[in-house]
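First the structure, which I've put down as structure tokens, then a few questions once you've had a look.
Naming convention: chains lettered A, B, ... in sequence-line order (proteins, then strands); numbering from 1 in each chain. The basis for the numbers below is simple: all heavy atoms, side chains too, and nothing from hydrogens, waters or symmetry mates.
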Protein chains: 2
Amino acid sequence: MTGKTTGSEPKVSKGERTRALILEAALELFREHGFEDTTMRAIADRAGVSLGNAYYYFKSKEHLIQAIYAHTHDEHRAASAEVLARETDLAARLLGVMRAKVETLRPYHRFGGVLFRTAGDPHSPLNPFSPESREVRAESTALFAEVLAGADVKLPKILADELPELLWLYHMGVILFWIHDDSPGLVRTERLVERTVELVARLIGLARLPVLRPLVRSVLRLVKELRDGVPYSS
Amino acid sequence: MTGKTTGSEPKVSKGERTRALILEAALELFREHGFEDTTMRAIADRAGVSLGNAYYYFKSKEHLIQAIYAHTHDEHRAASAEVLARETDLAARLLGVMRAKVETLRPYHRFGGVLFRTAGDPHSPLNPFSPESREVRAESTALFAEVLAGADVKLPKILADELPELLWLYHMGVILFWIHDDSPGLVRTERLVERTVELVARLIGLARLPVLRPLVRSVLRLVKELRDGVPYSS
DNA sequence: GTCTATAACCGGATAGAC
DNA sequence: GTCTATCCGGTTATAGAC
């Protein structure tokens with residue numbers, strides 16, 4: 001994340017250290033026993049701190065999740081860098097990034113349902129549309145903007161404007177599938193990614209077709225309206 | 001729901017009566033204070049039963065939700081009957097059914113987030129893909145099958161086979177939006193419904209176009225594969 | 001002001017008597 | 001079917017240490 005190394009001795013403040021300790025303990029325990037069966041007391045224990053202290057660093061058990069969530073995003077970006085530097089074909093770039101996502105998330109699948117179920121709760125600070133999540137979401141969307149920016153395709157402006165967000169939405173859909181995927185080795189999610197990436201690329205290509213222009217326009221206008229929270233009237 | 005009236009005196013068993021009492025109390029309290037701020041103790045109190053007794057009828061606080069969920073489905077079907085009997089135009093039928101959904105759900109919006117957030121949790125018995133929800137989901141899908149069956153359009157068979165489930169999925173998407181909609185009077189959801197119903201109808205029309213045939217085929221094959229839980233290999 | 005700990009609260013859930 | 005008593009774990013209050 002920030003990762004600043006000031007001098008040589010106190011690389012990280014004591015607090016940061018403790019915080020990391022707790023997060024690490026939580027992650028281990030979540031992997032071992034799942035989210036529900038891991039108690040805050042157990043986490044504090046393994047981290048070697050008191051229960052109250054754990055709450056000093058993380059406002060709730062769910063906030064622990066948000067930290068993990070942000071962490072996986074960093075991992076995802078790192079894992080995507082290589083393909084993005086190499087490929088110029090849109091489909092290849094998108095495929096690379098989506099595969100990176102699946103790989104990054106893999107270790108978390110065991111308790112992934114809990115990790116991401118909050119997406120559905122509008123009152124949770126963890127839902128991806130909440131103000132608290134704005135930053136992570138923006139960064140995530142930026143990654144998809146990069147997928148497009150580095151590709152050797154020319155897109156109509158209206159489409160280009162909306163596409164990063166639409167791709168982000170697509171990627172959320174894949175995650176929703178992933179959550180429910182219980183196939184061995186997550187092969188079904190892998191397959192979904194391969195197939196849908198191809199479909200998405202084809203769709204983007206088809207968007208230029210005259211017959212489809214009005215439809216594309218309607219869709220984009222709708223998306224824009226809804227996103228920008230436009231007029232309640234009319 | 002079942003609503004059998006055997007004779008005249010003991011129309012319903014004592015149990016059913018108590019069960020209804022608890023559900024009613026829960027609904028009132030949820031509306032008044034929301035889901036989180038309503039305690040099982042308060043529900044039991046208002047229903048005039050003990051805490052333990054409430055748990056005899058509903059295995060958990062969330063199971064109370066499932067009962068409500070099933071209830072809204074019944075309401076939805078009833079509210080849709082009229083349009084389905086009257087209209088034969090596909091878009092009009094779909095619009096009617098979707099509007100009926102929004103109206104049916106309206107009173108529950110206050111705590112609707114909780115009602116439906118469980119959709120994201122694969123381990124919850126309440127998620128719409130769980131075995132426990134199979135029945136409700138099947139009935140709901142059947143409703144969309146009826147939307148199609150009564151419409152004066154001829155669809156290619158492959159499409160006709162998958163469409164009910166795809167429409168159900170679409171309707172789940174609308175619900176997801178509805179959950180997050182905080183516009184006054186839910187006008188934004190209403191608008192979303194109007195616009196997307198039109199888009200969906202147009203898309204179904206376009207599916208016949210030769211240029212789109214391969215794409216449509218790919219999509220349908222994918223959907224079918226994923227639904228039927230086909231081969232993990234290749 | 002940053003950090004840590006202990007004790008208590010509260011509400012969902014369960015055990016077991018009647 | 002119904003109750004009471006109890007457990008358990010997330011969360012909070014609060015006091016003190018560095």
Measuring from the side chain of A:Met40 (C-beta onward, heavy atoms only), which nucleotide among C:dC3, D:dT11, D:dA5 has the closest atom? D:dT11
Taken to the nearest whole Å, CD1/B:Ile65 to P/C:dG12 is 12 Å
Residue A:Tyr55, side-chain atoms from C-beta onward, closest of C:dC3, D:dT12, D:dG9: D:dT12
Of all the choices, D:dT2, C:dT4, D:dT11, which nucleotide is nearest to the side chain of B:Lys14 once you look at every atom? D:dT2
Describe the nucleic acid contact of A:Gly52 in one word from base, sugar-phosphate, nothing, applying a heavy-atom distance below 4.0 Å. base
To the nearest Å, how far apart are A:Arg19 CZ and C:dT2 C1'? 14 Å
Which nucleotide in the set D:dT11, C:dA13, D:dT2 lies at the smallest distance from any side-chain heavy atom of B:Leu51? C:dA13
Looking at every strand, decide which applies to B:Ser50 at a 4.0 Å heavy-atom threshold: base, sugar-phosphate, or nothing. base
If only side-chain N and O atoms count, and only distance matters, is there a donor-acceptor pair under 3.5 Å linking B:Tyr108 with B:Thr72? no
Nearest whole angstrom, please: distance from the P of C:dT14 to the NZ of B:Lys59. 8 Å
From B:Leu23 CG over to B:Glu16 CD, what is the distance, rounded to the nearest 0.5 angstrom? 12.5 Å
Would you kindly give the CZ-to-C1' distance between B:Phe58 and D:dG1, to the nearest whole Å? 14 Å
Regarding the side chain of A:Arg41, the nearest nucleotide among D:dG10, C:dC3, D:dT2 is D:dG10
B:Glu62 CD to C:dG11 C1': how many Å, rounded? 15 Å
Within the structure, does a side-chain N or O atom of A:Tyr57 lie under 4.0 Å from either OP1 or OP2 of C:dT4? yes
Considering only heavy side-chain atoms of A:Asn53, the closest of D:dT11, D:dT2, C:dT4 is C:dT4
Using whole Å, report how far NZ of B:Lys61 lies from C1' of C:dG11. 8 Å
Taking the six-membered ring for Trp, are B:Trp168 and B:His171 parallel (under 30°), tilted (30 to 60°) or perpendicular (over 60°)? tilted
On the 0 to 90° scale, with breaks at 30° and 60°, tag the A:Phe30-A:Phe35 ring pair as parallel, tilted or perpendicular. tilted
Here the distance between atom C1' of C:dT4 and atom CG of A:Asp45, to the nearest Å, is 15 Å
Basic-acidic side-chain contact under 4.0 Å: B:Glu190, B:Arg99: no
For C:dT4, does either OP1 or OP2 sit under 4.0 Å from a side-chain N or O belonging to A:Thr18? yes
Taking only side-chain N and O atoms of A:Tyr56, does any of them lie within less than 4.0 angstrom of OP1 or OP2 on C:dC3? yes
